[in-house]
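Everything below concerns the one structure shown next.
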Protein chains: 2
Amino acid sequence: MRGTSRTSLEDIAKIIGVSTATISRCINSPHKVAEPTRKRIQKAVEDLGYMPHFGGRALARNRTNTIGAIIPTMDNAMFAGGLQAFQDVLSSSGVTLLVGSSNYDPNQEFEQIRALLSQGADGLMLIGEERPAKTRKFLDQHSIPHVLAWCYSDASASAVVGFDNRKSGRAIAEHVINQGHTKLAVIAGIRHGNDRAENRVKGIEDAIEANPSSILLGIAEAKYSFESAATALEYLLNSPTRPTAIICGSDVLAVGALLRTHSLGIKVPDELSITGFDDITLAQVTSPRLTTVRIPQKEMGRQAANVLLNILAEGQKPGQLNRIELETTIIDRGTLARL
Amino acid sequence: MRGTSRTSLEDIAKIIGVSTATISRCINSPHKVAEPTRKRIQKAVEDLGYMPHFGGRALARNRTNTIGAIIPTMDNAMFAGGLQAFQDVLSSSGVTLLVGSSNYDPNQEFEQIRALLSQGADGLMLIGEERPAKTRKFLDQHSIPHVLAWCYSDASASAVVGFDNRKSGRAIAEHVINQGHTKLAVIAGIRHGNDRAENRVKGIEDAIEANPSSILLGIAEAKYSFESAATALEYLLNSPTRPTAIICGSDVLAVGALLRTHSLGIKVPDELSITGFDDITLAQVTSPRLTTVRIPQKEMGRQAANVLLNILAEGQKPGQLNRIELETTIIDRGTLARL
DNA sequence: ACTTATTATGTAAGCGCTTGCATTTAACTA
DNA sequence: TAGTTAAATGCAAGCGCTTACATAATAAGT
C-alpha cells in the first residue's frame, strides 16, 4: 500500500500538453525532441521528481539493463572486492547490479537465479563451475547470458573469467615443498558442491605426487569460520607424525588455524608453517602476517563485467573473448618457514 | 538481444487450453483452482521452466515485493553481517533484496536511491541519518517507506533501527579514561556527510568535557584504509605531548594504526593504547587483539527488516515500533592498558 | 425437478512505457 | 507560389500480468 501513487508519463504529458511519446523520447533520446519542448519537459520531470516505471519499461523494451550476480556469501571479504569492481564497470555502462547470495548452497543458488531473472536480469555472474544438472539445464534452456568467475577451465561451455584453482593449489604446495617441507597437511573448505575448494586440494595433491619426497599427512575439511578451522588444525596436529606445514584452502581457514596456534603456544612459522589462499585483508593483519596466494579479485570483477556486457551487446557468438584466464601470485609473508 | 524470447503466460495457456487468468491464479493463489487443472498447469510450468515476468507483474500489481538497501561500501566487512541478516529476514518473507553502494558519497547515494526505486523497490534501508536536503526531499515527496540503520536519534522523522553513535563514542572514551588515561587522541573517519563518524567524535568530546582531568590532544581524520590510518597515527604521535591512548572511529582505522605501531616498534598496549569501533572480524585477529565497541550488526539487520516489512504491510502509521534503539557493548581485549 | 448457493473458469480492461507509422509543421527549392 | 523534404509530434498497439466481473458448471436444498 504505497502512499501517493507514482507520477507517470501520462501525468506529465497532461501537465505540459504533449503526448507521452514525446516525453518518452525526450528521456531516451533527447535529440529527437525540439529544444523548447525539451526544456519544458525536462523542467517538469525535474520538478516532479519523475522516475520511469521500471516494469513498464521492461515490458516495452524487453530488456532491463540490469544484471545479476550471485555470490556464495557476503559475510566475509572474499568476494566483496571483486563484486565492487564488477559493479563499477557496470554502472559506468548504465547497468544496474542485483546481488544475491547463496550461502554455498546449490539450491539457494538456483532460487536466486530464478529470482534475479524473474526480476528481469539480462545476464548473470556466477561463482565457480560446478552446479547441479538442474541448474545447468535451466540456464541452458533459457539461454541465459552468463559468466562464471573465480574459476577457469578450458572445458567450460560458459564464458568464464578467473584463475585455475588447481594450478594455483599446485603452485602454493610446490612453493611450500621448495622451502624444504615434506610433511604436509591441508585444511580445505567444504568441497562438496564447491569446485574451487575441490580443485585447490587437487592441485596440492598434484604437487605432492610430483615430489615423491613429500607426503600428505591429512586433509581436514572445515567451514569458513575461525572456530571450525581451529578444530581442524588440532585434528591434524594430533596425527602420529606431525606436519611441518599446513596449507589452507582460504585465508579465513589459515587465520583460524593461526589463531589457535597462538593459544596452543605453537610458534609460527618456527614450529609450524601455515599458508592461506585469497589474500584478503585479514592476511595482512595477523602476526606474523600470512603467506598466501593472491587472487586477482578486482581484475576478475572488471573483466567479468566486460565479458558479460559484450555478450549482451553482441549476442552469444562463441567468440574467443569469452574465456579469460588470470594468474594468481604467491605472496610471501611471515608464516612459511624455510627448513 | 536475448536468444529465445521468454515463455509467457499466454504460451502456457495455449498449450494446456485454459485462459491466462487461470494460470495466473494457479500461481498466486492455487486454492482458487480446481485440483486437476492445477496439476496440469503446475506440470507445464515446471516443464517449461516458466518464470513470471517481473515487469508485467509489477505493472499489474503496483508493487514488487522487492526492497532496496544502500550501504556506503561493500569493500570491508562493516556492513556485510547486518546486510546478511537483513536479507535473511526478507527472503523468509518472500521479499527480494536489491543492494547498492554509495562509496560514502551523498550524490551516489541519491543516484542509487533513484535507481533502486526505479527498479521498483517498495521500500529502502539506508545507513545513517545525515543526507542532503535534496535527498530528504525526494524521499519525502514520493513518500518512500524507508528505515535508517546504524544510527539512532529521537529526533529523526524516519523509522530508525540502530544505536546512538554519540552515546557509544562517549562510552568507549569514558572507559579509556577510567583505565587511567588522560592524554587522548582520536583517529576519526571522514566526518563530512557521515553522521556516524561525526557523532562518535562528539561522544568522545562529551566524555572528555565531563572529565576535566583528561585532555584531547588531537583529532585526525582518515579514510577507511590502513595506510591512511597509519599516517594519521604518525601525525598524532608527533604532537608535542604524546597521547597515551588513541581512540579510533572504526576497527579498520584502529588496525591500520596498530599495524604501524608494529613497524614503528611501539609496544601496544604498554607504550600506547588503541581502541577500535565496530568489532569486525579484523579485531579478533591482530596481536594483541583489539579492544573495541561491538555494534549489534545482525540484530540491526534483522530488526530493520522487520520494521520495514511492517511499514510496508500496514502503511506509514506513526506508530511507536518504528524507532528501535539497540545497545553497543565494549569488548575488552588487549590493546587498552590500565595505567 | 427446479431454484439457489457455490465453485471454477473465462473475458477483458488496464498497469506505464516504447516505437513504427501517420500526420502536422516548418524550412527550403525551383 | 507550389512542390518537395526534413523535423517534430501524435496515435495507437502491444509488452506480460492481475483482477473485477460475467458466465458456466456443479452441488445442495426444497
Side-chain angles (χ1 to χ4, degrees), chain A residues 1-2 4-42 44-45 48-66 114 117-122 142, chain B residues 1-2 4-42 44-45 48-66 114 117-122 142:
Chain A
M1 209 170 64
R2 285 281 278 280
T4 332
S5 65
R6 55 158 59 237
T7 37
S8 74
L9 269 195
E10 184 131 12
D11 299 334
I12 307 193
K14 249 171 220 146
I15 293 179
I16 59 181
V18 300
S19 75
T20 62
T22 303
I23 303 185
S24 172
R25 276 189 288 257
C26 179
I27 289 170
N28 299 301
S29 20
H31 66 275
K32 288 190 183 167
V33 153
E35 172 88 18
T37 333
R38 197 193 317 150
K39 290 276 186 242
R40 275 163 55 221
I41 296 180
Q42 283 169 343
V45 164
L48 289 144
Y50 168 76
M51 294 169 302
H53 185 285
F54 178 78
R57 182 175 263 186
L59 215 41
R61 287 204 204 166
N62 197 32
R63 60 124 74 215
T64 57
N65 265 286
T66 287
R114 290 182 57 99
L117 289 175
S118 189
Q119 291 274 345
D122 295 327
H142 298 274
Chain B
M1 209 170 67
R2 284 281 280 281
T4 333
S5 65
R6 55 158 57 237
T7 37
S8 73
L9 268 195
E10 183 131 14
D11 299 332
I12 307 192
K14 248 170 221 147
I15 293 180
I16 58 181
V18 300
S19 75
T20 61
T22 303
I23 303 185
S24 171
R25 277 189 289 256
C26 179
I27 289 170
N28 298 302
S29 20
H31 66 275
K32 289 190 181 167
V33 152
E35 171 89 17
T37 334
R38 197 192 319 149
K39 289 275 186 244
R40 275 163 57 221
I41 296 180
Q42 283 169 344
V45 164
L48 289 143
Y50 167 77
M51 296 169 300
H53 185 286
F54 178 79
R57 184 175 263 185
L59 215 43
R61 287 204 204 167
N62 197 30
R63 60 129 62 211
T64 57
N65 265 285
T66 287
R114 290 183 57 100
L117 289 175
S118 191
Q119 291 274 346
D122 294 327
H142 297 274

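Computed from heavy atoms alone, side chains included, the values below leave out hydrogens, waters and symmetry copies. To find a chain, count down the sequence lines: A is the first, B the second, and so on, and within it residues start at 1.
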*Counting only side-chain N and O atoms of B:R57, is one of them less than 4.0 Å from OP1 or OP2 of D:dT18?*
yes

*Please give, in whole Å, the distance from C:dG16 C1' to A:K14 NZ?*
13 Å

*Once you round it to whole Å, what is the distance between C1' of D:dC17 and CD1 of B:I12?*
12 Å

*Using a distance-only test with no angle check, is there a side-chain donor-acceptor pair under 3.5 angstrom linking A:Q119 and A:T66?*
no

_Between C:dG20 (P) and A:N28 (CG): distance, integer Å_ = 12 Å

*Under the 3.5 angstrom rule, does the side chain of A:H142 hit a backbone N or O of B:G49 as a donor-acceptor pair?*
yes

*Please report, rounded to the nearest Å, how far the C1' atom of C:dG16 is from the CG atom of A:L59.*
9 Å

_Closest approach of B:V18 to B:I23 (non-hydrogen atoms, all atoms of both residues)_ = CG2-CG1, 3.7 Å

*Report the residues that fulfil side chain to side chain donor-acceptor pair (under 3.5 Å) with A:S118, sequence neighbours left out, ordered by chain and then residue number.*
none

*Can you tell if the side chain of B:N28 reaches within under 4.5 Å of the side chain of B:R61, non-hydrogen atoms only?*
yes

*Atom CD1 of B:I27 to atom P of D:dT19: distance rounded to whole Å?*
12 Å

*Would you say A:R25's side chain and A:V33's backbone share a donor-acceptor pair under 3.5 angstrom?*
no

*How many Å lie between CZ on A:F54 and P on C:dC17, as a whole number?*
13 Å

*Send over the distance from A:R40 CZ to D:dA8 P, rounded to a whole Å.*
14 Å

Please list, pair by pair, any protein nitrogen or oxygen found under 3.5 Å from a nitrogen or oxygen in nucleotides 9-12 of chain C.
from, atom 1, to, atom 2, distance (Å)
C:dT9, OP1, B:T37, OG1, 2.5
C:dT9, OP2, B:A34, N, 2.9
C:dG10, OP2, B:S19, N, 2.7
C:dG10, OP2, B:S19, OG, 3.1
C:dG10, OP2, B:T22, OG1, 2.7
C:dG10, N7, B:R25, NH2, 2.9
C:dG10, O6, B:R25, NH1, 3.2

*Between B:A44 and B:I12, which heavy-atom pair has the shortest distance, and what is it?*
CB-CG2, 4.0 Å

*Contact under 4.0 Å: A:R61 side-chain N or O vs C:dT18 OP1/OP2*: yes

*For the helix from C:dA1-D:dT30 to C:dA30-D:dT1, measure the angle between the helix axis at one end and the axis at the other, each built from five pairs, rounding to 10°.*
40°

*Nearest nucleotide by nearest heavy atom, which residue falls closer to the 5' end of DNA chain C, B:A60 or B:H31?*
B:H31

*Check whether any side-chain heavy atom of B:I27 sits under 4.5 Å from a side-chain heavy atom of B:S24, and report yes or no.*
no

*Backbone N or O of B:I16 within a donor-acceptor pair of the B:R40 side chain at under 3.5 Å?*
yes

*To the nearest angstrom, how far is B:I41 atom CD1 from C:dA8 atom C1'?*
11 Å

